[in-house]
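Every chain is numbered from 1 and lettered A, B, ... according to where its sequence line falls, protein lines coming before strand lines.
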Amino acid sequence: MRLTLNGVPLDVDVTTLADLVGPLPTGQAAAVNLEVVPRADHDRVALADGDVVDVVTAVAGG
Amino acid sequence: MRLTLNGVPLDVDVTTLADLVGPLPTGQAAAVNLEVVPRADHDRVALADGDVVDVVTAVAGG
Amino acid sequence: MRLTLNGVPLDVDVTTLADLVGPLPTGQAAAVNLEVVPRADHDRVALADGDVVDVVTAVAGG
Amino acid sequence: MRLTLNGVPLDVDVTTLADLVGPLPTGQAAAVNLEVVPRADHDRVALADGDVVDVVTAVAGG
Amino acid sequence: MSDLVIAGTRLASRLLLGTGGLPRPDLLGPVLAAARPGLVTVSVRRTSSTAAGGILSVLQEHGVPVLPNTAGCLSAREAVLTAELAREALGTSWVKLEVVGDETTLMPDVVELVEAAEELVARGFTVLPYTTDDPVVARRLADAGCAAVMPLGSPIGSGLGVLNPYAIEAVVAAVDVPVVLDAGVGTASDAALALELGCDAVLAATAVTRAADPERMAHALRLAVAAGTAARDAGRIPRRATARASSPTEGRVTWSPGSSC
Amino acid sequence: MSDLVIAGTRLASRLLLGTGGLPRPDLLGPVLAAARPGLVTVSVRRTSSTAAGGILSVLQEHGVPVLPNTAGCLSAREAVLTAELAREALGTSWVKLEVVGDETTLMPDVVELVEAAEELVARGFTVLPYTTDDPVVARRLADAGCAAVMPLGSPIGSGLGVLNPYAIEAVVAAVDVPVVLDAGVGTASDAALALELGCDAVLAATAVTRAADPERMAHALRLAVAAGTAARDAGRIPRRATARASSPTEGRVTWSPGSSC
Amino acid sequence: MSDLVIAGTRLASRLLLGTGGLPRPDLLGPVLAAARPGLVTVSVRRTSSTAAGGILSVLQEHGVPVLPNTAGCLSAREAVLTAELAREALGTSWVKLEVVGDETTLMPDVVELVEAAEELVARGFTVLPYTTDDPVVARRLADAGCAAVMPLGSPIGSGLGVLNPYAIEAVVAAVDVPVVLDAGVGTASDAALALELGCDAVLAATAVTRAADPERMAHALRLAVAAGTAARDAGRIPRRATARASSPTEGRVTWSPGSSC
Amino acid sequence: MSDLVIAGTRLASRLLLGTGGLPRPDLLGPVLAAARPGLVTVSVRRTSSTAAGGILSVLQEHGVPVLPNTAGCLSAREAVLTAELAREALGTSWVKLEVVGDETTLMPDVVELVEAAEELVARGFTVLPYTTDDPVVARRLADAGCAAVMPLGSPIGSGLGVLNPYAIEAVVAAVDVPVVLDAGVGTASDAALALELGCDAVLAATAVTRAADPERMAHALRLAVAAGTAARDAGRIPRRATARASSPTEGRVTWSPGSSC
């Protein structure tokens, strides 16, 4: 399956968001196609070819 | 016919806007129910009971 | 003897500055004719008719 | 005779200030040993060995 | 600086004038003669109100183009209606757009202002909005098709001058349309400063009309606008933290260092 | 405001001009034509120095009275000598008295200044001292017989304008002789402000001579001085912390409070 | 002044801190210890970016509540997405809402800002918007349900302090929610001034993180905020144009008027 | 910054306090406890005057060194007499030298001041002169042997703060002795600013004694002086005309440029 992860094209063989990003530590979050996916749903959200996935973390700023 | 002219209730017997306000000099304009009526249409616009008519003029300001 | 003490005319019968002002507490000082007289000299300085004596004290200020 | 003219040592054979500086145009003035010499006295003031002569002129400034 | 052109129209002066607040209507003529403004604002009000009318003939006499305003309007809707009334009354599609957001400070409500500007541009008006000193809002107004932007120096009638010169410079940098400093001018130096900051014109009202001598203040502001324009064109010296002598430092006559001075 | 009179002499303008710093001597004529100054300062320097001379004929041509200065002098003694040289050279007893106390800031040394002023007055000079913005020193100078006082707005050549308007107003209040703002003017609004603060005149040098276009800046300052003078005479509006409408607040056409607006 | 309460939450300090710009990440701990801030902002960025992470454990260690921001967002839509990411990542519904309208000045785009604020309030966020010093926009934000408003003193990172104190006072007067001065603080006196003008808190970032000694500046700002708060509560003396003696005017010892003094 | 040392004596604080103007004498104790000043000024007055006495025991109780002033003196001669009276009365050779030149502005007469300073130094006093913000006079005073210089920020009791920060910086640069900002402080930010400008200490009187709550303002100024000192030591960020982001500019999650945003 062809995905984009944090802006980088990627060819991986995964089914769910959890498969791709694993368990996220506190301070991180994931979005699929620019919609935030709550942590609890990561293993219920199936990824599709062409999906855009982003994982963010808290950084110094502001 | 009961009208409001410049905020003041009025009981008059008129048919058109022109009947009510006469020929307006340069610098003045009239509105019926808060819609501006071009000068050329004053004698074509019929007034109805309850209409709100305003006549304005340029004054010092700003 | 006619003296001026702190701007007020005074008729007194004294010989020395000490006679007039007594022992001054800390924070006070005396001058005769606008010359400061050290505390130790108060009983050695004789006053003369017409002398101007001032006694000052520290006050809130500045 | 050894003079200083405008800060520069000079060996010249002159008698008076006028001999040295000639007729000064309007806008100029001369001093000998840092004393201004009125124009009218230039040919009456004798110079002596070691004298310091300055000639100034109006310049743009201020 | 060449002449000020707004929406393709060359104005006769970089001083614009408001007319409200004169103690006597007959002062308007002398004030106009002294100010020679490029535009003069008027308001439109009900004929039954106590507001002084009869102003147009004086303006015509002095050959000054009129710029109706929407002063007092509290919403885009009100401002659009007022602009339409003014266009019909005065035969001009130019409008100084004002949407007030606060009756104490008379500050613009920029959200309503942008909305009103878009609507009026769509209706064919030449829109000159009275706005804050916010460069982002100014660019929005310019992008919406406004013919100029009119940021405030300080609140209307306050006479506090340009409270934030930095912001006015940012507005000037942000837009390609003319910038007219509006509101807050109190005296000549305020007007000159506005031009020096890069504004293309200044609008004064209270500064003139409520001065002790309105005619003389009108004259003062005309001179100040000309002065500020010329100074800007002349390219001022940079500000320096240290002094720099303006007289020659060499050639002074004095005692030599060694002598007893 | 009537004409400026110093020591009984009516000056043609409230703008005074320094001449040092022009990039080319031939600019002086056009600058004088544009500025039309009431007085023009010059320095006196050794004929052998590199300082530009030949200035007097240009001044005469433009009919401008000359005011020699004692720029660069570091003591009363030096200043008196320089003033005497200038009087002999230029045939005028007027002198702009400068005694510098610090070669970085070029600030006056007021102790030496007062001493020099007293000496020069005693020698029959008409003394215009360059001083600080200290009202007590200004009064001392006036009491010593100076014909005017010339407080600085900011350091010479800095272009920082009037750093302490409060102090300049205090100087104006402290003396009965004319007050000339000297030093620090950078642009037109600075000059206008000085007049508005109550100064009787402004002296500019670097602001003009080192501007990108000296002739135009000369013109700008002439206008600015006229603007500031007129504004002061016109009686400006008071500064207010709150806004005050300049358009009528009554008679607007709008939806009634009850309607859906 | 009692403790600062925002959205029902009592904060430990009126100093809020941004964390971006520290030269070394290990300085964060000492800075927090010195500042003891009421809230600390963080950004959310892709895990693959070079932005320094690992910040949360340091914040937890110091017991400081985190306030995620939407820095860099150019539209309401982007800001809402970023706020949602932050809420999910950090488990807080608080957000410092930033919508930038100009990449040079980093000034807020107030039109997008108001829209984003409305949307985020509707989604249950506690919204603290970074805004301009415009009181009308501030009131719109408060009316939209924002928990505080955060007007800028001057552009982000400029260190210019409060460019328009008048406007900040107007913002304070316009809203009932807490006012946090955000952006522009350069040093201690800027922070104290903000409190004296009526702000309820100050947010500093660059002033601390890019100071030569961030830890010491953090300490300085903590003291300054306390100083400004106390000064405001103490009721300062009014400003006077004239002097007023602070020492007794009677009872001095001196020569009598008639004597030769 | 290390401790403040004047004439070899280490002071406990960079805040100095004047005591005149308290509404009730019993406030002095709490004010001293809140301010913890390094020195406290007093005046000397005739015992028969109405001026409040009994102050020394309170000062002793709080362990604060006393600094007598010569407030109200109009000439060097008067000031020397007053200093001698104070030395005899208080057993200290320290004196805050004031020679007033104008009873409206209470500005120093710097000519008399320098003369008095020279005389008092010759008589063995440790002289701290209250002076103007003139760097040349400050250097003269330092050269005369004064132990510190105390330039005014603005007139005594005016609360106008530092009217000319440029001048205060010039004074700091001009002398090697400690610089104490004296007069004009109105509130905490003024005091912090003075330290940031390079002053070594601040003297406040009216700001505290006539505040609505003197004790709290004393506390505020103590914090402000500490804040300003720390900020100066911390090395503030430079002022910039343009913004600089404090959050990372990379790594944001958003719509790609090509998408419909």
Next on the checklist: Can a side-chain donor-acceptor contact be found between D:Asp51 and D:Thr4 if the only test is distance below 3.5 angstrom?
Outcome noted: no
Checklist entry - For chain F, which residues of residues 16-25 of chain D have at least one non-hydrogen atom nearer than 4.5 Å to it? => result none
Checklist entry - For the candidates F:Ser43, F:Gly18, F:Gly21, F:Gly20, which exhibits the highest count of non-hydrogen atom pairs separated by less than 4.5 Å from chain D? => result F:Ser43
Item to check | For D:Val36, all residues meeting side-chain contact (heavy atoms from CB on, under 4.5 Å), sequence neighbours excluded | outcome: F:Leu81, F:Glu84, F:Leu85, F:Glu88
Checklist outcome for this item: Only residue of F:Leu113, F:Leu106, F:Ile156, F:Asp109 satisfying side-chain contact (heavy atoms from CB on, under 4.5 Å) with F:Val100 is F:Leu106
Checklist entry - Between D:Val37 and chain F, which part of the residue has a heavy atom less than 4.5 Å away: side chain, backbone, both or neither? => result backbone
Item to check | D:Asp49 with D:Arg2: basic N within carboxylate O range, under 4.0 Å | outcome: no
Checklist entry - Can you check whether F:Val80 reaches F:Arg123 side chain to side chain, under 4.5 Å on heavy atoms? => result yes
Compile the donor-acceptor pairs under 3.5 Å between side chains in residues 26-42 of chain F and protein atoms, sequence neighbours left out, one pair per line.
from	atom 1	to	atom 2	distance (Å)
F:Asp26	OD1	F:Arg24	NE	3.1
F:Asp26	OD2	F:Arg24	NH2	3.4
F:Thr41	OG1	D:Gly61	O	2.9

Checklist outcome for this item: Residue pairs meeting salt bridge (charged side-chain N to carboxylate O under 4.0 Å, His left out), one or both in residues 177-187 of chain F, sequence neighbours left out, come to F:Lys96-F:Asp182
